[in-house]
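Heavy atoms only: backbone and side chains are in, while hydrogens, waters and symmetry mates are out.
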Amino acid sequence: YKGPLVAVIGATSPTGKYSPVLGIMVGFALQSKTNSVIFTGGVEGVGVDVWNGVAACSFKNKVKERFFTLIPSCIFLNPEQTDFYYTGYEVEELNSIPYHLPDDYNQIGFIFDKKVQTEYAGKGMGERRVYLSNLADVAIVINGGNGTLDEALQINEAGKPIIILQNSGGAADWINLLLMGLNPWVKDKRGRFAKADFGCPKISNPNLIYTADSPEHLITILDEIFKK
């Protein structure tokens with residue numbers, strides 16, 4: 001792949017402030033206004049929306065899409081392991097099954113006459129997150145849950161820049177609060193966030209975390225990062 005590798009990470013089932021339009025706008029902007037190669041973890045939710053934006057932009061401008069998904073070769077069925085995915089089989093029958101890209105990716109590709117490029121990395125989502133953190137040059141955090149937070153902290157620990165999309169909810173907001181020394185999961189009697197304590201995740205390189213308030217602002221920050 002030619003160009004900086006930009007990972008977009010976010011929730012499989014976004015909640016709260018997130019709207020699919022936001023993910024689509026980010027994908028469209030990344031495809032149209034940068035020379036970066038965009039990739040996601042190949043799950044539903046934010047990743048699908050970003051692919052929708054990339055494919056729509058590529059189709060509209062009649063250019064080759066710069067996008068791929070990074071997925072694990074399998075997911076675990078043992079609840080004691082890091083991943084569990086219900087398939088209708090009894091847990092004892094199988095230890096793992098092949099992971100398949102959600103069909104939403106292919107449906108979007110069909111609409112815009114695009115084929116999703118897929119790369120495999122690791123076994124289970126936990127290993128895939130490690131590969132993603134090593135591969136990405138920059139990561140964009142949109143919404144997200146615990147898995148996204150873990151992924152973002154690994155990328156930051158690896159010395160890579162992270163851009164959080166402000167007010168998108170979930171892990172993006174949690175990271176912002178942690179940067180302010182607050183605990184995103186505890187509030188006092190007045191509804192104010194408590195101070196971060198020893199139980200909160202640690203941010204290794206706070207100077208490598210940027211905050212964008214819109215897709216347009218996101219592109220400006222990326223340009224500044226790439227110029228360094």
### Task
Decide whether Ile142 and Ile155 are clustered together by the hydrophobic rule: side chain heavy atoms of Ile, Leu, Val, Met, Phe, Trp, Tyr closer than 4.5 Å, transitively.
no

#### Entry: More than 12 heavy atoms of other groups within 6.0 Å of Glu157 CD
no

### Task
Answer whether the closest heavy-atom distance between the side chains of Val54 and Leu30 falls below 4.5 Å.
no

### Query
Can you hop from Met125 to Val50 via hydrophobic side chains spaced under 4.5 Å?
yes

#### Entry: Minimum heavy-atom distance between Gln31 and Cys57, given as atom pair plus value
CG-SG, 3.6 Å

### Message
Walk me through whether Lys114 and Ser58 qualify under side chain to side chain donor-acceptor pair (under 3.5 Å).
### Response
CA-CA 9 Å; Lys114 304 293 177 183; Ser58 175; 3.0 Å; yes

Show which side-chain atoms of residues 3-12 pair as donor or acceptor with protein atoms under 3.5 Å away, not counting sequence neighbours.
none

### Query
Near Phe226 CZ, under 6.0 Å, is it more than 12 heavy atoms from other residues, nucleotides or ligands?
yes

### Message
Taking Gly199's backbone N and O only, do any of them form a donor-acceptor pair with Asp197's side chain (distance below 3.5 Å, no angle check)?
### Response
yes

### Query
If you take all heavy atoms of Asp188 and Arg190, which pair is closest and at what distance?
OD1-N, 2.9 Å

#### Entry: Asn106 backbone acceptor or donor facing Lys115 side chain under 3.5 Å
no

### Task
Provide the closest heavy-atom pair for Ala55 versus Ile108 in the form atom of the first, atom of the second, distance.
CB-CG2, 4.1 Å

### Task
Determine, using the 4.5 Å side-chain heavy-atom cutoff (strictly less than), whether Ile140 and Val48 are members of one ILVMFWY cluster.
yes

### Task
Sequence neighbours left out, what pairs pass salt bridge (Lys or Arg N to Asp or Glu O under 4.0 Å) with at least one residue falling in residues 31-58?
none

#### Entry: Identified side chain to side chain contact (heavy atoms under 4.5 Å, CB included) counterpart of Tyr99 within the set Pro72, Ser73, Cys74
Pro72

### Query
Can you tell me how far the CD1 atom of Ile221 sits from the OG1 atom of Thr211, to the nearest 0.5 Å?
7.0 Å

### Task
With the side chain counted from C-beta on, respond yes when Asn143 and Thr148 share a heavy-atom pair under 4.5 Å apart, and no when they do not.
no

### Task
Please say whether more than 12 non-hydrogen atoms of neighbouring residues, nucleotides or ligands are located less than 6.0 Å from CZ in Phe112.
yes

### Task
May I ask you to test the Thr40-Trp51 pair for a side-chain heavy-atom distance under 4.5 Å?
no

### Query
Could you give the distance from OG (Ser32) to CD1 (Ile219), rounded to the nearest 0.5 Å?
7.0 Å

### Task
Look up atom CD1 in Ile163 and atom OG1 in Thr220, then write down how far apart they are to the nearest 0.5 Å.
10.0 Å

#### Entry: Thr118 side chain near Phe68 side chain, heavy-atom distance below 4.5 Å
no

### Message
Whether Arg129 and Glu151 form a salt bridge (side-chain N of Lys/Arg under 4.0 Å from carboxylate O of Asp/Glu) is what I want to check.
### Response
no

### Task
Verify the ring-centre separation between Phe39 and Phe67: is it less than 6.0 angstrom?
no

### Task
With rounding to the nearest 0.5 Å, note down the distance linking CE in Met25 to OG in Ser214.
7.5 Å

### Task
Working to the nearest 0.5 Å, report the span between CG of Asn205 and CD1 of Ile209.
8.0 Å

### Task
Hey, could you give me the NE2/CD1 distance between His100 and Ile75, rounded to the nearest 0.5 Å?
9.0 Å

### Task
Give a yes or no on whether Tyr210 and Val138 share a hydrophobic cluster (residues Ile, Leu, Val, Met, Phe, Trp, Tyr; joining criterion: side-chain heavy atoms under 4.5 Å apart).
yes

### Query
How about Val130 and Gln154: do any of their side-chain heavy atoms sit closer than 4.5 Å?
yes

### Query
Would you say the side chain of Val43 lies within less than 4.5 Å of the side chain of Thr69, judging by non-hydrogen atoms?
no

#### Entry: Heavy-atom side-chain contact between Asn156 and Ile203 under 4.5 Å
yes

### Message
Quick check: is Val37 connected to Phe59 through a chain of hydrophobic side chains (ILVMFWY, heavy atoms under 4.5 Å apart)?
### Response
no

### Task
For side-chain contact (heavy atoms from CB on, under 4.5 Å), just list the numbers for Leu208 and Ile162, CA-CA rounded to whole Å, side-chain angles, deciding distance to a tenth of an Å, and then say yes or no.
CA-CA 6 Å; Leu208 291 177; Ile162 290 175; over 6 Å; no

### Tyr131 and Leu135, any side-chain heavy atoms less than 4.5 Å apart
no

### Message
I'd like to know whether Ser36 forms a side-chain contact (heavy atoms from CB on, under 4.5 Å) with Ile38, so could you lay out the CA-CA distance, the side-chain angles of the two residues, the decisive distance to 0.1 Å, and finally the verdict.
### Response
CA-CA 6 Å; Ser36 59; Ile38 309 118; 4.3 Å; yes

Show me the side-chain donor-acceptor pairs of residues 169-182 shorter than 3.5 Å, one per line, residues at least two apart or across chains.
from, atom 1, to, atom 2, distance (Å)
Asp173, OD1, Asn167, N, 3.3
Asp173, OD2, Lys17, NZ, 2.9
Asp173, OD2, Gly169, N, 3.4

### Query
More than 12 foreign heavy atoms under 6.0 Å from NZ of Lys202: is that the case here?
yes

### Message
Given 3.5 Å as the limit, does a donor-acceptor pair link the side chain of Arg128 with the main chain of Tyr120, or not?
### Response
no

### Query
Which atoms form the tightest heavy-atom contact between Ser168 and Leu22, and what is the distance?
CB-CD2, 4.0 Å

